Every structure is written in structure tokens, then in C-alpha cells.
Amino acid sequence: MNKKLVGEDKFDIRRSQLIVPFGVGSILNMLPNESLMLCGLDEWDKNTGEKIYDERLQKYLKVKYFKTPASKQNYPKGLPFIRFPKWYYCPNCRSLKPLSEWKEKWFEYHHRDFDHPRCYKSGCREKLLNPSRFIIACKKGHIDDFPWIEWVHGNNICSNPDLELKSDIGIAGLGGIKIICRTCGLERTMAGSFNKDIFKKIGFKCTGRKPWQGKDKKEKCQEYPVTLQRGASNVYFPKVVSSICIPPYSDDICTKIQNTKEWEYLSTQTGGIDCEIKKSFIEKIAEDINESKDNINKVIDRMLKSSSGNVERQSDAEYRYDEYRALTGDAKPDQIDSKKFDIEIINGKKYKIKGIKNVILVHRLREIRTLVAFNRIQPLETDYFSDMEEEEEKKEFSSMRIAEKADKIWLPAIETNGEGIFLDFNGDIINKWKNNEEIQKRVSVLQERSDKMSKTYNRPSKNITALFLLLHTFAHVLIRQLSFECGYSTASLRERIYFGEINKSSDMTGLLIYTAGGDSDGSMGGLVRQGRPDKLSDIIEKAIKKSSWCSSDPVCIESRGQGLGSLNLAACFACVLLPETSCETGNKFLDRAMLVGLPDKPEIGFFHGVF
């Protein structure tokens, strides 16, 4: 397997980027004349990276632990990459060949291997080769080189195809890119290669290749591929699951146990654990961290159960509800023994803002973000399990697992510490507001469009409510204003929306805006400071006033649909949209009218007449 390693002599990449956007199966165009793909977890060295733990997320994903991508200081060899695509051309002589042929010819002429792909011809003076810019991919997540030989020859492939790539600057577009076979003289331009059904017409099916899993790794696939450019955004869509660490799982005793060698052994056992060994380990841990054996035993039993995979998995709403309860003070601050979770609850009356029951300043929080899968061509819903556990034949678009082996007990993740502001809204006030007929009409429009898109791609439908549109749009305008007030860039702030009914006696009506960055945009206390009563009230007022007018009005405010699938109403980049790393739903399901109303119906805005 032709592997490239991330190392000092090759190139550097931030570890967080190996989760998103350059995770397993993605294409990195980071070096001149190089195009690389990160290999699957089965190809990673077993000693790569440090173990990190989050009991809730381990139970949710049914793994025993997570591992951070190794730094070059701790693991100089780096991580395994392969070159992809495999077809390269010489910018001088214009020859187009697979990398294996370039390699053979180079060795034949020079009797040595090249450090980077180079042309072997004397007239080209060891010119660096360029990777092909065109590839193919299918809905199931497979990816391969563009079928250059088949594209030129069709079903009549000559005995020794020798291709040449020419560009005619006098012809615009794909028609100016011509592929010529020097052996038989056949030629064809790239015109029509991006047509949706072009490969169906010529009878060329997906090869089923998964190059990130191994050189010859492939599986049967009945899909017809589509042509993509290797740098296009729809080549790779990572599926990332994030979790806020909350008490009691964030308590200091958990961290102390996880840092012991005894826990290292216990957490990696796949079968039963001998009772006597476990007892001796508990005694040793209790002695090392100065805690009682009873407490250690209770915590270890809970931690082992969380990573056993034999517990019932929570729904996404139940998982969020645990965080909601912790953020709203269900676990009293004086009962929290954690350096990773620290909140301060302030009564909403001090802010004099409609609908806000409490403001919770999150002085410290820990977030785990883990890559679980990826897909291509079309982004899927953020709910990981609704996609991965559905029967394959029922899915039009599929996610690819980042590990081929089904018994993989860990996933790659990054651990970041930050701060945040949590706003807990009064459900009674929101329920009274959302009963307006015009509001329900706008919600119904987005619900119908969401259902239509879900049906098109055979995906589970998402429940759109007025509460969600309100909280989501409000989070966006607040993040945009906070970036001016506290110095954080909008890309370093994230939203986390808590909404919906869990049961008849429990529901969620809150939003968290937080930063969790491991660099210069990390936790400096600036965001929490903006959550004080003397600051936040003015910030919210400015945010709502700015959202009442957009530079694209009246087109924006009167819009009947914007963005992907027209899943936004009055929302555009000039007024509401954020960097996609900040938004949980990829900048969908937004409507400014939920906040400020419409020009002819201002009363439907939740904050109408407040400022």
C-alpha cells in the first residue's frame, strides 16, 4: 500500500483537522503536485494517539474509548495516507497514465524510485506530475479514478492505450479538454462527462472501490457513478458526533481513574474480567488517588457498563435532555465535583428580555467531537444512527464506516475545553406565541419541503416546529453579534439547540452558544463576560434590531424559499447564515420572521415591540 506519512519531512496538519474536514476518506490537496487520502482506522498504528473518555458518548456509539490523532512529537512517523487519484499527467509532454506505469517507466529509465511522481522522459527534465482533476463517486460512498480509457475507447479498447491530455484555450469549458489515444488515434473531449446519467447511458457501473481501506479494496456496487472534481465540496461529507461532558461523568474522580494504568487494562478487555484481578486493581487505584474503595468500585462499574455495548442506546432527544438538565442546574452547582463543568445560574428577570427564564454562564465545559462515518455527493441528516442502522437496500445515499473491521473498539476524536452562554426560555410564553396562524403556515411550508427532500433521498423526516425555528434563528443572530462584542470569530462559536418534548412532564426550550477551540480562539473568558446582565441585554437588543433589516431586503424578508431545497425562508448570508462549522443543521431551517415578523405582519415576530 503506497502510504504517505504526516511527518516533519512531509507536511504538517492540525490534529483537529483530521476529524473535520480532512478525516478518513477525504482528499487533501495540500502539497504542490500531490493529492492524498487519509487511510481507514484499520491502517493506523495501534499505538497512535492518546486515549480519551466520555461515558455517555461511549455508550451512545458502543465503543470502549476514543483516541486523539497522534502529534508528530509523540509519534514522528505520522498517520498513513495514500495517493489518490492514481492517474497523473505531465504538464510538459501531456502524457496521461496511472501512477503504477509512471513508476515502472521511471525505474526503467533511472534505476531508482522517485520521491514525488515525475516524468521519466529526458525532454521533460524530471518534471513533477500533476494528479488528475477528475474522479468518479457514487451514492454509496465509493470513489475511483475517472475511467479515462473507457471514456475514449468505449467498448473497443485498443491493445496498448497510450493517452494524452490536451487543452484547447480557444474552446471554453469541458469541450476544450481533449483526451487522445496515441496508439489508435481515437479522441474525445470531456464535454458531457458531468451529465447526471452519462455513465448509465454508456453502461459503466461503479467499481465499488474504497481506496482508503487498502489498495485493492472493493465491493460489489450496482450504482452508476457521477463525475466530480477532486477538490469539489461534495466529494466528502464527514459525519461528526459531538458531546458535552456533564456530571457525574465529568467529575474529577473519573479523570483520576482514567489516568491510571489499571484502568488502561480494564477498559480494553473484550471478555469478562476476573473478580480477583478487578478487586486488586480497585485497591491499587484507591491507594494511588486517595479515594475510598467503595467509591472507586461504583464509578468503575458504571464506566465499564457504559463501554460494554450491552446497554440500551438513548435517542438523540434523550441524549440532549441529559445535557439540558445539567445546564439548567438539575445537578446543583455545590454537588458538582468537576474541573471540566462549571456553571453559574442567573435569574432571567435581571435581563428584562422577553421569554428568557434563566441565563446560565458556563465557565468551563469539555466537548468531545468524534468522526464516525462519511458520505459523498449528498449531505445526510446529522442523526448518525438513523443512517447507519437502516437496511442498505432501503438507502439511496449511504454512509461509509471509517473502519472496515466491525469489532473496532475505538473512534478518532478531539477533546476541547471552552466556555459558553446557555439561555433557558419560558415554555409558556413561547407556546402562547407559536399558536399564531401565520407562524404555523410558515412552519408547514418548511415541513413540507423537508418531507419532500427526505422522501427524495429515502431518509427519515425531520420534525420542524416553531420553537425550533425561533431558537435556531435567534442563536444565529446572537452569534453574529457576539463575534463583534467579544472578539471571537463566528467560526469559533457554535450553537447547540435544545428543543422538543421528552415526555408529558419534560420538555426542552434552550440554546447553548459556546466556544470549544484548542488554539488562539480557545477559552479566554470573554464569552462568559458577555453573558452578564450589564452586557447581554444590550447584545440581544442589537442583534434583534440588526435582524429586522437585511441589505438584501425586501427580497430576503419576502422570500418564499432560499438555500438547499429552499429550506430557509427570510434568511441569507447578509443577515442570518453562519459558517457551517457553527451551525448544527448546515444553515438550514432559518427564518428571520420568527424574530421580527414581516413588514405587513410584524406581530408574528417573537420580539415584536420589545425593543
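Residue numbers run from 1 in the order of the sequence given. Worth saying up front: this structure is predicted, and the values here are computed from it rather than measured.
Contact of the Phe422 side chain with the Tyr514 side chain is not registered, since no non-hydrogen atoms from C-beta on lie closer than 4.5 Å. A 4.5 Å side-chain heavy-atom check between Pro117 and Glu34 finds at least one atom pair inside the cut-off. A 4.5 Å side-chain heavy-atom check between Leu511 and Glu495 finds every atom pair outside the cut-off. At a threshold of 4.5 Å between non-hydrogen side-chain atoms, the residues Gln213 and Asp42 count as touching. Side-chain contact between Gln378 and Lys139 is absent, with no heavy atoms from C-beta onward closer than 4.5 Å. A heavy-atom distance below 4.5 Å is found between the side chains of Leu228 and Val226. Using a 4.5 Å heavy-atom threshold, the side chains of Thr370 and Val63 count as separate.
Side-chain N or O atoms of Arg133 include none that pairs as donor or acceptor with a backbone N or O of Gly231 at under 3.5 Å. Remark: the backbone N or O of Cys39 is paired with a side-chain donor or acceptor of Trp44 at under 3.5 angstrom. Listed for the Ser243 side chain is no donor-acceptor partner under 3.5 Å among the backbone atoms of Leu57. A side-chain donor-acceptor contact under 3.5 Å links Asp145 to the backbone of Lys86. In this structure a side-chain-to-backbone donor-acceptor pair under 3.5 Å is present from Asn587 to Leu578. For Ser35 (side chain) and Phe84 (main-chain N/O), a donor-acceptor pair under 3.5 Å exists by modelled atom type. Arg369 places no side-chain N or O within 3.5 Å of a backbone atom of Val240 that could act as its donor or acceptor partner. Checking side-chain atoms of Gln58 against main-chain N and O of Lys64 turns up a donor-acceptor pair under 3.5 Å. Looking only at distances, no side-chain donor or acceptor of Thr515 sits under 3.5 Å from a matching main-chain atom of Gly418. Remark: the backbone N or O of Thr490 is paired with a side-chain donor or acceptor of Ser582 at under 3.5 angstrom.
The side chain to side chain donor-acceptor pair (under 3.5 Å) with His142 is formed by just one residue from the set Arg209, Lys218, Glu219; it is Glu219.
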- [ ] Take Leu527 and Leu493 through the test side-chain contact (heavy atoms from CB on, under 4.5 Å) and record every step on the way to the result.
- [x] CA-CA 9 Å; Leu527 186 58; Leu493 297 176; 4.0 Å; yes
TODO: Verify side-chain contact (heavy atoms from CB on, under 4.5 Å) between Lys340 and Arg364, making sure each step is shown before the conclusion.
DONE: CA-CA 6 Å; Lys340 298 177 181 178; Arg364 286 192 298 271; over 6 Å; no
Open item on the list: Would Lys462 and Glu584 count as a salt bridge (charged side-chain N to carboxylate O under 4.0 Å, His left out) here? Give the steps.
Closed with: CA-CA 13 Å; Lys462 185 178 182 68; Glu584 288 192 297; over 6 Å; no
- [ ] Evaluate the criterion side-chain contact (heavy atoms from CB on, under 4.5 Å) for residue pair Trp87 and Ile149; output intermediate values, then yes/no.
- [x] CA-CA 11 Å; Trp87 279 73; Ile149 295 175; 4.0 Å; yes
Task: Pair Lys210-Glu404, salt bridge (charged side-chain N to carboxylate O under 4.0 Å, His left out): steps then yes or no - done: CA-CA 10 Å; Lys210 300 191 284 185; Glu404 191 73 7; 3.1 Å; yes
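Between Trp212 and Phe374, the gap from one ring centroid to the other is short of 6.0 Å. Annotation: Tyr224 is not in aromatic contact with Phe199 [ring centroid separation under 6.0 Å not met].
Lys67 pairs by the side-chain contact (heavy atoms from CB on, under 4.5 Å) definition with Lys51, Tyr65, Trp410, not counting sequence neighbours. Take Lys105 and apply the side-chain hydrogen bond (donor to acceptor under 3.5 Å, both in side chains) test, not counting sequence neighbours, and it matches no residue. Remark: Phe107 pairs with no residue by the ring pair (Phe, Tyr, Trp, His ring centres under 6.0 Å) rule, at least two apart or across chains. Listed by chain and residue number, nothing satisfies the side-chain contact (heavy atoms from CB on, under 4.5 Å) test with Ser280 (two or more places apart in sequence, or in another chain). Checked against side-chain hydrogen bond (donor to acceptor under 3.5 Å, both in side chains), Lys205 has the following partners two or more places apart in sequence or in another chain: Gln222. Scanning for side-chain hydrogen bond (donor to acceptor under 3.5 Å, both in side chains) contacts around Ser16 gives an empty result, with sequence neighbours left out. For Tyr88, there are no ring pair (Phe, Tyr, Trp, His ring centres under 6.0 Å) partners, not counting sequence neighbours. Judged as a ring pair (Phe, Tyr, Trp, His ring centres under 6.0 Å), and not counting sequence neighbours, the contacts of His472 are Phe468, His476. Residues forming a salt bridge (Lys or Arg N to Asp or Glu O under 4.0 Å) with Arg118 (at least two apart in sequence, or on another chain): Asp115. Every residue two or more places apart in sequence or in another chain that forms a side-chain hydrogen bond (donor to acceptor under 3.5 Å, both in side chains) with Ser315 is listed here: Glu318. Partners of Trp151 according to the ring pair (Phe, Tyr, Trp, His ring centres under 6.0 Å) rule, which considers only residues two or more places apart in sequence or in another chain, are Phe146.
Taking all atoms of both residues into account, the shortest heavy-atom contact from Lys140 to Cys221 is CG-SG, 4.2 Å. Nearest heavy atoms, Thr585 versus Lys588: O-NZ, 2.8 Å. Taking both residues in full, the closest heavy atoms of Leu129 and Cys119 are given as CD2-N, 3.6 Å, listed atom of the first, atom of the second, then distance. Pro211 approaches Met37 most closely through the heavy-atom pair CG-SD, 3.9 Å. Closest approach of Pro412 and Ile402 over heavy atoms only: CD-CD1, 3.6 Å. The nearest pair of heavy atoms linking Trp102 to Phe114 is O-CE2, 4.0 Å.
Annotation: the span from Leu41 atom CG to Leu79 atom CG amounts to 10.0 Å, rounded to 0.5 Å. The line from CD1 of Ile244 to CG of Leu365 is 5.0 Å long, rounded to the nearest 0.5 Å. Note that CG of Leu512 and CZ of Arg320 are 9.5 Å apart. Values are rounded to the nearest 0.5 Å. With values rounded to the nearest 0.5 angstrom, Thr260 atom OG1 is found 8.5 Å from Lys284 atom NZ. Put simply, CD1 on Ile143 and CD1 on Ile135 are 3.5 Å apart, with the number rounded to the nearest 0.5 Å.
Aromatic ring pairs are classed by plane angle as parallel below 30°, tilted from 30° to 60° and perpendicular above 60°; the pair Phe134 and Phe194 is perpendicular.
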Using a 3.5 Å cut-off and no angle test, enumerate the donor-acceptor pairs between side-chain atoms of residues 19-27 and protein atoms at least two apart in sequence or in another chain.
from, atom 1, to, atom 2, distance (Å)
Ser26, OG, Gly23, N, 3.3
Ser26, OG, Gly23, O, 2.7

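The pair Arg376-Glu223 does not meet the salt-bridge criterion, since no charged nitrogen lies less than 4.0 angstrom from a carboxylate oxygen.
Between the side chains of Tyr498 and Glu323, at least one donor N or O sits under 3.5 Å from an acceptor N or O. When only modelled atom types and interatomic distance are considered, Arg494 and Ser242 share no side-chain donor-acceptor pair under 3.5 Å.
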